[in-house]
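Note that ligands are numbered from 1 as they come in the structure, with each ligand's atoms numbered from 1 the same way. One is the number of the first residue; the rest follow in order along the sequence.
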Amino acid sequence: MLIFLAVILVALDLLLVWFMLRGAPYVPTRKITVDKIVDLAGNIDGKKMIDIGSGDGRLVIAFAQKGAQATGIEILPPLVNLSRKKIQEAGLEDRAKVIWQDMWKTDFSPYDVLTVFGIVHVMPTLAKKIRREMKPGSKVISLSFKFPHWPIKEDRDGIYLYEV
Ligand SMILES: C[S@@+](CC[C@H](N)C(=O)[O-])C[C@H]1O[C@@H](n2cnc3c(N)ncnc32)[C@H](O)[C@@H]1O
């Protein structure tokens, strides 16, 4: 029994370390903040949006409900399954999808709007990837964490809007 518990604890520690290096742990965005993010994106009708690290799919669903073609990228399979179920229940399969994938292996070039709720130490590397891949004029919205040296177009209570 003790060995079993020790293995679980080590596995959880390793998972935490992995998240610290590759992305952020799962912390869902509050509903009121989801609404602010969608609002900050402006006119998204028909636009392609991507939420990198999409959790339970709440941003993907909110953007799809406002007319965007929304894609979520999520590394944890249970969250991928949960968000797919929520998309189906909302009847949004034609406009919303979630892909089980590492965001660092995802091509951002097809998207007009990118949203991220990351963690401080990934922001510099993420900034380089976004600049390499996204079209000029694309919108990037980051919750809580700023991109170093990028001019902020709008700051709405810690939700930062940028233009590539
Ligand atoms: C802070 S949560 C944000 C969840 C969701 N976007 C929201 O706003 O409610 C970060 C999410 O990113 C996922 N994640 C972390 N690293 C990732 C990676 N390398 N690729 C894809 N998803 C990742 C986590 O599993 C988690 O669900």
> So, is Gly118 polar-close to ligand 1, with some N/O to N/O distance under 3.5 Å?
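Such a contact does not occur with ligand 1.
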
> If you compare all heavy atoms of Trp150 against all heavy atoms of Ala127, which two are closest, and at what distance to 0.1 Å?
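Where Trp150 meets Ala127 most closely, the heavy atoms are CZ2-O, 3.5 Å.
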
> Do the side chains of Lys86 and Asp56 get close enough for a salt bridge, i.e. N-O under 4.0 angstrom?
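Yes, charged N to carboxylate O under 4.0 Å.
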
> So, regarding Asp56 and ligand 1 (criterion: nitrogen or oxygen to nitrogen or oxygen, under 3.5 Å), is there a contact or not?
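No; the residue has no nitrogen or oxygen that sits under 3.5 Å from a nitrogen or oxygen of the ligand.
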
> Please report whether ligand 1 has a polar contact with Tyr26, defined as an N or O pair separated by less than 3.5 Å (distance criterion only).
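Looking only at distances, the answer is no, because the N/O contact criterion of under 3.5 Å is not met.
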
> Is a side-chain N or O of Tyr160 found less than 3.5 angstrom from the main chain of Leu143, in a donor-acceptor match?
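No; judged by distance alone, with no hydrogens or angles, the pair does not exist.
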
> Between the side chains of Arg156 and Asp39, is the shortest nitrogen-to-carboxylate-oxygen separation below 4.0 Å, so that they form an ion pair?
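Counted as a salt bridge, because a side-chain N and a carboxylate O are separated by less than 4.0 Å.
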
> Of the side chain and backbone of Gln101, name the one, both, or neither that has a heavy atom under 4.0 Å from an atom of ligand 1.
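The answer is the backbone of Gln101.
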
> Do any nitrogen or oxygen atoms of Leu76 come within less than 3.5 Å of a nitrogen or oxygen of ligand 1?
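N/O-N/O distance below 3.5 Å does not exist for this pair.
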
> Indicate yes or no: does Asp157 engage Lys36 in a salt bridge with an N to O separation below 4.0 Å.
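Yes.
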
> Look at atom 14 (N) of ligand 1 and find which of Leu79, Ile75, Val116 reaches it with the closest heavy atom.
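Among Leu79, Ile75, Val116, the closest heavy atom to atom 14 (N) of ligand 1 belongs to Ile75.
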
> Heavy atoms only: give me the nearest Met49-Ala68 pair and the separation to one decimal.
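Heavy atoms only, the tightest pair is CG-CB, 4.3 Å.
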
> Short list, please: which atoms of ligand 1 are under 4.0 Å from a heavy atom of Pro28?
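Near Pro28, the atoms of ligand 1 are 9 (O).
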
> Could you report the tightest heavy-atom contact between Val38 and Ala62, atom names first, then the distance?
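Heavy atoms only, the tightest pair is CG2-CB, 3.8 Å.
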
> Could you give me the CA-CA distance, side-chain angles and deciding distance for Thr71 and Val60, then say whether side-chain contact (heavy atoms from CB on, under 4.5 Å) is met?
CA-CA 6 Å; Thr71 301; Val60 172; over 6 Å; no

> Considering only heavy atoms, does Leu59 approach ligand 1 within less than 4.0 Å through its side chain, its backbone, both, or neither?
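For Leu59, the contact with ligand 1 is made by the side chain alone.
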
> Give the minimum heavy-atom separation between Phe63 and Ala41, together with the two atoms involved.
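Shortest heavy-atom contact: CE2-CB, 3.7 Å.
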
> Measure the distances from the heavy atoms of Pro25 to every atom of ligand 1 and state whether one is below 4.0 angstrom.
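Pro25: in contact with ligand 1 (<4.0 Å).
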
> Short list, please: which atoms of ligand 1 are under 4.0 Å from a heavy atom of Gly55?
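By the 4.0 Å cutoff, the relevant atoms are 4 (C), 5 (C), 27 (O).
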
> I'd like to check which ligand 1 atoms, numbered from 1 as shown, lie under 4.0 Å from a non-hydrogen atom of Arg58.
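Near Arg58, meaning under 4.0 Å from one of its heavy atoms, ligand 1 has 9 (O).
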
> Numbering the atoms of ligand 1 from 1, which are under 4.0 Å from a heavy atom of Met103?
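It comes down to these atoms of ligand 1: 18 (C), 19 (N), 20 (N), 21 (C).
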
> Just jot down the ligand 1 atoms closer than 4.0 angstrom to any heavy atom of Asp102, in number order.
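Those of ligand 1 that fall under 4.0 Å from Asp102 are 18 (C), 19 (N), 20 (N).
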
